[in-house]
Amino acid sequence: QVQLVESGGGLVQAGGSLRLSCVASGRIYSIDNMGWYRQAPGKQRELVATIASGGRTNYADSVKGRFIISRDNTKNTVYLQMNGLKPEDTAVYYCQIGAATGRSIMTLGDYWGQGSQVTVSA
């Protein structure tokens, strides 16, 4: 019912920048929170940043001051601007949204993107 398509991953040298985008489409009535998570090889998926419908943001300590999350509600899109990238930022990045497909709160669900590889070389 709801599809998320990510773009913008790739290979970058340490200190460089990348911008991830995630567009949501389908039967969307409203979107609540939006966020980015990442999973490095051999590690659990971890929160990177979230942004609430009102714009309040939350960041993992490891990315504070370097990453910026934003959203465009007119385009059902969430972005992650990553600056000052470090080799330890290498991971598959997933976008996530909480969205309702109807008026009822019972239609609220979590949806995930397909993942984008970000590789930072030393």
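Since we're looking at a predicted model, the values are computed, not measured.
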- Is any side-chain heavy atom of Q81 less than 4.5 Å from a side-chain heavy atom of S70? no
- Look only at the side chain of T77 and the backbone of K75, and say whether a donor-acceptor pair between them is shorter than 3.5 Å. yes
- Quick one: list whatever passes salt bridge (charged side-chain N to carboxylate O under 4.0 Å, His left out) with K64, sequence neighbours left out. D61
- Minimal non-hydrogen separation, A14 against P87, with atom names: CB-CD, 4.1 Å
- Message: Could you check whether R19 makes a cation-pi contact with Y79, meaning its NZ or CZ is under 6.0 Å from the centre of the six-membered ring and within 45° of the ring axis?
- Response: yes
- Query: Is it true that V118 and L4 fall in one hydrophobic cluster, defined by side-chain heavy atoms closer than 4.5 Å?
  - Reply: yes
- Task: To the nearest 0.5 Å, tell me how far N73 CG sits from S53 OG.
- Result: 8.0 Å
- Message: Which heavy atom of S7 sits nearest to which heavy atom of S116, and what is that distance?
- Response: N-OG, 4.2 Å
- Message: Taking L80 as the starting point, is it possible to reach Y37 by hopping between hydrophobic residues whose side chains are less than 4.5 Å apart?
- Response: no
- Message: Determine whether Y93 and L20 satisfy the following criterion, side-chain contact (heavy atoms from CB on, under 4.5 Å), listing intermediate values before the conclusion.
- Response: CA-CA 9 Å; Y93 284 70; L20 301 179; 3.6 Å; yes
- Query: Is the F67-W36 ring centre distance short of 6.0 angstrom?
  - Reply: no
- Where D32 and R71 come nearest, the two heavy atoms and their spacing: O-NH1, 2.8 Å
- Stepwise, does the side-chain hydrogen bond (donor to acceptor under 3.5 Å, both in side chains) test hold for N58 with R56? CA-CA 7 Å; N58 178 54; R56 184 168 61 185; over 6 Å; no
- Task: Run the numbers on T90 and E88 for side-chain hydrogen bond (donor to acceptor under 3.5 Å, both in side chains), then give the verdict.
- Result: CA-CA 5 Å; T90 296; E88 50 263 44; over 6 Å; no
- Query: Heavy-atom distance under 4.5 Å between the side chains of Y111 and I28, does that happen here?
  - Reply: no
- Over all heavy atoms of both residues, which pair between N83 and S17 is shortest? Give the atoms and the distance, please. OD1-OG, 3.0 Å
- Message: If you define the side chain from C-beta out and look only at heavy atoms, does anything of T57 sit under 4.5 Å from I68?
- Response: no
- Query: Taking the side chain from Y59 and the backbone from G65, do they hold a donor-acceptor pair closer than 3.5 Å?
  - Reply: no
- Test side-chain contact (heavy atoms from CB on, under 4.5 Å) applied to N76 and I31, step by step: CA-CA 8 Å; N76 289 343; I31 297 177; 3.6 Å; yes
- Query: With a 4.5 Å limit on heavy-atom distance, are the side chains of C22 and M34 in contact?
  - Reply: no
- Query: Is the closest side-chain heavy-atom distance between D110 and I97 below 4.5 Å?
  - Reply: no
- Any donor-acceptor pair under 3.5 Å from T107 side chain to G102 backbone: yes
- Message: Suppose the criterion is salt bridge (Lys or Arg N to Asp or Glu O under 4.0 Å): which pairs have a residue in residues 34-43, not counting sequence neighbours?
- Response: R38-E46, R38-D89
- Message: The test is side-chain contact (heavy atoms from CB on, under 4.5 Å); show your working for Y94 and E6 and say whether it passes.
- Response: CA-CA 8 Å; Y94 298 90; E6 301 179 27; 4.2 Å; yes
- Honestly curious: do V78 and V23 fall in one hydrophobic cluster under the side-chain, below-4.5 Å linking rule? no
- In the single-linkage hydrophobic clustering (I, L, V, M, F, W, Y; side-chain heavy atoms under 4.5 Å), do V92 and L18 co-cluster? no
- Message: Taking the side chain as everything from C-beta on, heavy atoms only, tell me whether N33 gets closer than 4.5 Å to T50.
- Response: no
